[in-house]
Structure formats: structure tokens, C-alpha cells
Amino acid sequence: MQSKASPKQLILGLMLAAKGKPVKAAHMVVACQLFGVSENHVRVALTRLSAEGHLKSVSRGVYALGTRAAPTGDDVRDWSQRLGIAQAWNGQFIVAITTNLGRKDRQQVQARERALGMHGFKVWLPGVFVRPDNLAWGIDGLHTRLLDKGVEPDLALNWMTPRNQNQAQEIQALWDARKLERLYKSHLQKMQNWLKGYQKMALERAAREAYLVGSEAIYQVRHDPLLPDAWIDRALRDEFFAQVEQFNALGQQIWHDIQIRILKDGEAPY
């Protein structure tokens with residue numbers, strides 16, 4: 001299990017776990033100290049993130065996501081509802097055409113491909129990305145979310161019906177559903193193993209491990225391609241998503257408890 005994290009990673013991870021609610025700087029300091037990060041380094045990271053627009057001060061010593069973090073904010077607010085986004089699949093795909101967008105600006109290309117990947121798209125042909133058309137947002141809602149993630153306005157999205165069964169199978173093979181199921185099982189096992197023993201742990205250790213295990217699982221939820229039910233073990237995915245939600249709630253309670261113990265102010269961290 002990963003034991004080190006940068007102040008920036010920890011701060012943004014705490015914002016993610018808090019689902020967009022404001023977080024006290026004192027809470028972030030306590031969290032980072034459990035990972036060997038000094039208070040000074042946390043304060044410096046907060047100042048830099050604020051200057052860059054990723055965070056904003058909402059009151060003395062309390063931060064929320066800033067304007068530059070708006071797309072991240074959507075992820076923060078939406079990750080626990082992601083499973084409800086998937087709906088019955090009609091056999092069609094959504095195709096994203098990027099051949100007209102160019103590849104000279106490497107940062108823009110990376111942002112574009114990262115956004116497409118986070119929304120479950122896979123490269124089918126050069127400059128052509130595809131995903132099943134099974135999201136409740138619809139093609140217009142999906143397009144809006146891709147733009148919010150920094151994809152160019154000229155990105156073209158269209159529906160596509162495979163010519164035949166062979167082509168449909170070729171496209172389906174772009175996703176490794178069995179690997180995805182193994183990830184569900186792996187994360188479930190990690191969370192369940194932790195839940196069996198956390199009550200015997202020192203509170204500081206429990207908080208640290210809850211953060212690490214939970215962050216890995218939440219990352220998987222946020223990047224899940226939400227494949228059609230016929231492609232994936234839907235019951236397993238449901239179980240995984242539900243466990244992450246429960247695990248996150250417990251993790252927040254543990255951070256609440258450690259905040260009270262260490263800071264002794266009796267106030268909720270968020």
C-alpha cells in the first residue's frame with residue numbers, strides 16, 4: 001500500500017472525500033502530518049493552490065474548490081452517484097472525432113485524451129474514440145462535460161451503429177471487462193480486510209490507512225467506464241460501488257474523531 005503522498009495530493013484527496021464541502025486548513029494539517037508532511041509544507045501548498053485558483057478561502061482557515069478546479073468539483077460532487085448514470089444499452093456507440101483538432105499542443109492533447117478516458121472512451125482508430133451509448137446524460141450532456149474538462153469546442157460527437165456483429169465484437173474488445181472485475185474484487189478485498197481490523201488500530205493509523213485504501217477505491221469509481229450490463233458483472237460492480245460509499249462515510253467519521261482528539265476544538269472538520 002502506498003505510504004507517501006504529496007501535500008497537494010493529500011489536500012485534493014481530502015476535498016474529494018468531502019464531496020466538495022469546505023474543509024478546514026487545520027484538518028488538512030492533521031491529515032498531512034500523519035503522512036510525515038510538516039505543517040509548513042501544508043501551508044505552502046495551500047497558498048500555491050489558492051494562487052493557482054484550485055482552492056479558495058471561504059472563511060478564515062476554511063477552503064473550498066476554486067474556479068480552476070470546477071471540473072474537479074463536478075467529479076467531487078458526482079462520484080458517489082456515478083452508478084446511477086449508467087442505463088440500459090441500445091447497442092449504439094458514441095464516437096468522438098478528434099482528427100480535426102490537431103496534436104501540436106501536447107498539453108492540450110493530454111487534457112483531451114484524459115477527459116475522454118475519464119468518460120470511458122477508448123481509441124478505436126487514429127483520432128477516433130468510442131464508448132457505448134448507455135449514459136443517462138445523453139450525447140449533449142456528455143459533450144458538455146467533456147468541454148468542462150477542457151476538450152476543444154470543435155470536438156465532434158456522433159452516434160454509430162456497428163455494421164455487423166464482427167465490428168460490434170471488435171469494439172467491445174477495446175475494454176478488458178475481466179480486468180475491471182478483478183479490480184473490483186481487489187478493492188473490495190482491501191476494504192473488507194481493513195474493516196475487519198480497524199477497530200483494533202490506533203486512531204492515527206486507522207485514519208491514515210482509511211485515506212489510502214479509500215482514495216484508491218474512489219479513483220477507480222471516478223474512472224470507471226460504466227460498461228453495459230451485458231459486458232460486466234453488474235452485481236459485482238454494484239457491490240463495489242456500495243462498499244466504497246460506506247467506506248468513505250466511515251473514513252469521514254474517523255477523520256472527524258481524530259480532528260476532535262488532536263485539535264480539541266470539538267468542531268466537525270467539514
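The aromatic rings of W231 and W89 lie perpendicular to each other, with more than 60° between the two planes, well past the 30° mark. Classification of the Y211-F35 ring pair by plane angle, with boundaries at 30° and 60°, yields perpendicular.
The SG atom of C32 lies 9.5 Å from the NE2 atom of H27; values are rounded to the nearest 0.5 Å. Taking CD1 from I232 and CZ from R178, the interatomic distance works out to 6.0 Å, rounded to the nearest 0.5 Å. We find the CG-CZ distance between L203 and R208 to be 11.0 Å, quoted to the nearest 0.5 Å. E152 CD to L101 CG: the interatomic distance, rounded to the nearest 0.5 Å, is 4.5 Å. The line from CD1 of I97 to CG of L155 is 8.5 Å long, rounded to the nearest 0.5 Å. One finds the CG atom of L226 at 11.0 Å from the CD atom of Q87 (value rounded to the nearest 0.5 Å).
The number of heavy atoms from other shown groups lying within 6.0 Å of NE2 (H41) does not exceed 12. By the 6.0 Å contact criterion, CD on Q169 is enclosed, its count of non-hydrogen atoms from other residues, nucleotides or ligands being greater than 12. Within a 6.0 Å radius of CG in D176, more than 12 heavy atoms belonging to other residues, nucleotides or ligands are found.
Shortest non-hydrogen contact noted between G120 and W175 is O-NE1, 3.1 Å. The two atoms that bring K8 and A45 nearest to each other are N-CB, 4.5 Å, heavy atoms only. Pairing each heavy atom of G251 with each of A210, the nearest pair is CA-CB, 4.4 Å. Closest non-hydrogen pair, Q220 versus L183, comes out as OE1-CD1, 3.6 Å. Across E209 and M201, no two heavy atoms sit closer than the pair OE1-CE, 3.2 Å.
L46 and V44 end up in different hydrophobic clusters when Ile, Leu, Val, Met, Phe, Trp and Tyr side chains are linked at under 4.5 Å. At a threshold of 4.5 Å between side-chain heavy atoms, the hydrophobic network of Ile, Leu, Val, Met, Phe, Trp and Tyr places W137 and L147 in two separate groups.
R237 places a side-chain N or O within 3.5 Å of a backbone atom of L227 that can act as its donor or acceptor partner. Under a 3.5 Å cut-off, the side chain of H119 and the backbone N or O of A115 do form a donor-acceptor pair. Looking at H223, its side chain does come within 3.5 Å of a backbone N or O of Y219 through a donor-acceptor pair. Counting only distance, with no hydrogens or angles, the side chain of T98 and the backbone of G127 share a donor-acceptor pair below 3.5 Å. Not one N or O on the side chain of H143 forms a donor-acceptor pair closer than 3.5 Å with the backbone of A156. Side-chain atoms of Q189 do not come within 3.5 Å of backbone N or O of K185 as any donor-acceptor pair. Formation of a donor-acceptor pair under 3.5 Å by the Q108 side chain with backbone atoms of G150 is found in this model.
Hydrophobic clustering, defined by side-chain heavy atoms of Ile, Leu, Val, Met, Phe, Trp and Tyr closer than 4.5 Å, groups V58 together with V62.
Looking at V109 and R112, their side chains come closer than 4.5 Å, going by heavy atoms from C-beta outward. Contact annotation: the side chain of M160 never approaches that of Q92 to less than 4.5 Å [non-hydrogen atoms, C-beta and beyond]. Looking at heavy atoms from C-beta onward, L116 lies out of side-chain contact with V123 at the 4.5 angstrom threshold. In this structure, the side chains of Q246 and M191 stay at 4.5 Å or more apart for every pair of heavy atoms. Within the 4.5 Å cutoff, the side chain of V244 has heavy atoms near those of the I218 side chain. Between V23 and M28, the closest side-chain pair of non-hydrogen atoms falls below 4.5 Å. Between R131 and L142, some side-chain heavy-atom pair lies under the 4.5 Å cut-off. Side-chain contact between K24 and Y63 is absent, with no heavy-atom pair separated by less than 4.5 Å.
Looking at N158, V130, D133, N134 one by one, the single match for side-chain contact (heavy atoms from CB on, under 4.5 Å) with I94 turns out to be D133. When the options D224, D238, D233 are evaluated for a side chain to side chain donor-acceptor pair (under 3.5 Å) with Y184, the one that passes is D224. The one candidate from F240, Y198, W194 that meets the ring pair (Phe, Tyr, Trp, His ring centres under 6.0 Å) condition with F247 is W194.
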Apply side-chain contact (heavy atoms from CB on, under 4.5 Å) to residues L157 and V95 and explain how you reach the verdict. CA-CA 6 Å; L157 293 184; V95 177; over 6 Å; no
Report the C-alpha distance between V213 and N193 in whole Å, list the side-chain angles of each, state the deciding distance to 0.1 Å, and finish with yes or no for side-chain contact (heavy atoms from CB on, under 4.5 Å). CA-CA 10 Å; V213 174; N193 287 345; over 6 Å; no
Apply ring-ring contact (aromatic ring centres under 6.0 Å, His included) to W124 and F93, showing your working. CA-CA 12 Å; W124 180 29; F93 292 87; 8.1 Å; no
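Salt bridge R103/E113: present, at least one basic N to carboxylate O contact under 4.0 Å. A salt bridge links R43 to E39: at least one charged side-chain nitrogen sits closer than 4.0 Å to a carboxylate oxygen. A salt bridge does not link R48 to E52: none of the charged side-chain nitrogens sits closer than 4.0 Å to a carboxylate oxygen.
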